[in-house]
Amino acid sequence: MTLISMLAELGGSTIRMSTSLLLGALGGVFTARAGLINVGLEGMMLSGAFFAVCGSVATGSALLGILIGALAGLLLGLILAYVSVTVGANQVVTGTAINLFSLGITGYLQFVLYGRNPPSSVPGLQPIDFGLLSKWPLVGEILFSHNALVYVAIALSFGLWYFFFKTDYGLVIRATGEHPLSVETAGISVAKVRYLSCAAAGALAGLGGAYLSLGQVAVFMENLTAGRGYIALAALTLGKWNPLGVIGSSMLFGAAEAVQMRLQLLGLGVPVEFLQAFPYLAAMAALSGLVGKTTPPAAVGKPFLKERGE
Amino acid sequence: VAIIQRIRAYTRKQDLSSLRPVFLVLGVLIIGLYVSGYSPTHAAKVFVQGVFGSRTGISDSLLKLGTLLTAGLGTAIAFKTGLTSLGAEGQILVGGLFAAVVAVNLPNLPTILVIVLSAAAAFLAGALWGAVPGLLKAKLGVSEVINTIMLNYVGIYVVNFAISGPFKDPAPGGFPQSPPIPKNAWLPIIWPGTRLHIGLIIGLFLVFAYYIIIWRLPLGFRMRATGANPDAARYAGIKTERATVLSMALSGGICGMAGMLEVLGLHHRVIGSFSSGYGYDAVAVSLLGRLAPLGILASGSFFSVLRVGVNSIQRVMQVPTALVYVVQGLVILIVLIDELRQHQPAHLLTAQKRGVAQ
């Protein structure tokens, strides 16, 4: 294998690996900016992945499957909103419960619906044909060999950057994460902002899961996400809760995953488990390397109790 | 007299309400089973039979209680210090692994000595797994939530590496598992004829030890102060960074010992997924027990009965194993909702420590 073709493959797979992380992290931007810790990203992605496959099999359309996956994530987002906003419970524990529930319900329904043999021919997403561009050596394989969701994810990052930093709605969400009392004082319901943010976060994470199951492997296996939601959470922090920042951090973690898989195939005699652990250690190292340079939105993690005004 | 009456009324109300989530969970479970084509009445019978119908059911519940108490109390120590540690799963895994390494390599020592040495190894391994996120939190301000989760995955791969590489059973067959634990290191059985070992006694002892450490020792006071208000604690001269690292190490070490209980007491070797999610149950047990010793004892009992019952539903009725996770997730959600809807938001459950946001 030549160096060029190896680079092309690594570059292409970096982008494939980072897309689900990017979508998950974009979801995380919504919840973090609205002042919530969203550990439930993992479960929202997992449910998105499963229900996208279900929807795709049932309707025969990958597009509808993706929408159903996003809807599943959205519903879990609303559960997070109810338990952590309306009830005011610990957000991390709520997220953990959502993850356990998703892990269970997807595995359970997989068995109940499809038995021991999961559907093998799932209508998946096909790469877009850019004509000549796709045949461009190196660049073509890295940039123009992907399905539509990859480009949607990048476009969403830019769109959301504009939304969060240039529109009034974005300002309201950011204010909710920094100082909810002032938002409430201005006559805007903090709870409403947080509900909507949770719904958006869930839908985006569900989309990330749908990309995994319909875009990458065209099959669902129990615990398909295997911690990618948590990596997306790390990418969110590393990308400083900024929709453009998370493009970079998702690429970094996507590259770690791509390199790891490439090295497994090469069989360098390094134990597989070391390579598998690498992306997680890379995430820890990347976060530690920031040395206090990041400050999350001030109100992250604190339930807002209107009566007490805190 | 009026005060006594009010206290009575309050406790009575609590007694009734504490059972509500149990019924809610059972209700959801029954509907779920019915919708997916299993008979709920049969399931209920199997559940009760599975837990209380035999010596095995009762002893297995007590067996799980020992492990859950240990891991739940370990997790509670971190939460008491205001640290949201989700790392019990990884700590259990490495603790079990290192306990096994010690036990396998010391086949000729007297039982009590091997067990003490194995427990020490498990404690140290778990403590290391906890101390690293603690240090990163204290020195660099990195959120312990993400780091403890990341280390869970690293723990899984460390165990997989060990049992398919340097610590693989040399016997032919080729399963990725460790060599068997020599009989001299098996935890002694306390109920003859069952699998119930001293893990239950260790767990119950830890309930007492947890109370002493957190409420009676200066170290515990420093931890609680750090958890309640780090700024005030620092102002009062408490070294909050040191309390953070110590708490995470102690928490991880105790969770590591839960891993030892599973390996030396039950499986008698290290297999791939020997923890089966105890680390996540531990979070639920400690928080639903409101981080109080007796509360943790109660919620630990509830979860161990639930686990045994749901396992027997799954086994007898051929329901997929994933059902256990559905129930765990639902239980946590429902109890969170119920607790807080019923009472004033108890700050233990809402306890979103300032530390998390920093």
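Protein chains get the first letters and strands the later ones, always in sequence-line order, with residue 1 at the start of each.
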Legend entry - Most contacts with chain B, counted as non-hydrogen pairs under 4.5 angstrom, among A:F278, A:F101, A:Y108: A:Y108
Inset, instruction - Working to the nearest 0.5 Å, report the span between CG of A:L236 and CD1 of B:I146. - result: 7.5 Å
Legend entry - Approximate separation, where rounding is to 0.5 Å, of A:L287 CG and B:L136 CG: 9.5 Å
Legend entry - Largest heavy-atom contact set with chain B, pairs under 4.5 Å, which of A:S102, A:A283, A:G227: A:G227
Inset, instruction - Check ring-ring contact (aromatic ring centres under 6.0 Å, His included) between A:F51 and all other residues, then give those that pass, not counting sequence neighbours. - result: none
Inset, instruction - Measure distances from B:I156 to the heavy atoms of chain A and classify the residue's part below 4.5 Å as side chain, backbone, both or neither. - result: neither
Inset, instruction - Working to the nearest 0.5 Å, report the span between CG of B:L336 and OH of A:Y82. - result: 11.5 Å
Legend entry - Nearest heavy-atom neighbours spanning A:M284 and B:V132: CE-CG1, 4.1 Å
Inset, instruction - Would you give the length of the straight line joining atom CD1 of B:I337 to atom OG1 of A:T94, rounded to the nearest 0.5 angstrom? - result: 8.5 Å
Inset, instruction - Find the distance between OH (B:Y157) and CG (A:L275) and round it off to the nearest 0.5 Å. - result: 11.0 Å
Inset, instruction - Can you see which heavy atom on B:Y153 is nearest to which on A:E42, and at what distance? - result: OH-OE2, 4.2 Å
Inset, instruction - Provide the closest heavy-atom pair for A:S288 versus B:L140 in the form atom of the first, atom of the second, distance. - result: O-CD1, 3.5 Å
Legend entry - B:V319 versus chain A, the contacting section by heavy-atom distance below 4.5 Å: side chain
Inset, instruction - With sequence neighbours excluded, tell me which residues meet side chain to side chain donor-acceptor pair (under 3.5 Å) with B:T240. - result: B:R234
Inset, instruction - For A:F111 and B:Q318, work out which heavy atoms get closest and say how close. - result: CE2-O, 4.1 Å
Inset, instruction - Heavy-atom pairs under 4.5 Å with chain B are the metric here; pick the option from A:G107, A:S84, A:A97 that has the most. - result: A:A97
Inset, instruction - Evaluate the side chain to side chain contact (heavy atoms under 4.5 Å, CB included) criterion for residues A:V39 and B:L86: first the C-alpha distance (whole Å), next the side-chain angles of each, then the deciding distance (0.1 Å), finally the verdict. - result: CA-CA 10 Å; A:V39 180; B:L86 300 180; 4.3 Å; yes
Inset, instruction - Could you grab the distance from atom CD1 of B:I149 to atom OH of A:Y280, nearest 0.5 Å is fine? - result: 11.0 Å
Inset, instruction - Answer yes or no: are there more than 12 heavy-atom neighbours, outside B:Y278 itself, under 6.0 Å from its atom OH? - result: yes
Inset, instruction - Kindly give the heavy-atom pair with the smallest separation between B:Y280 and A:T96, and that separation in Å. - result: CD2-CG2, 4.2 Å
Legend entry - Contacting moiety of A:L113, where chain B heavy atoms sit under 4.5 Å: neither
Inset, instruction - Check the surroundings of atom OH in A:Y114: do more than 12 heavy atoms from other residues, nucleotides or ligands lie under 6.0 Å from it? - result: yes
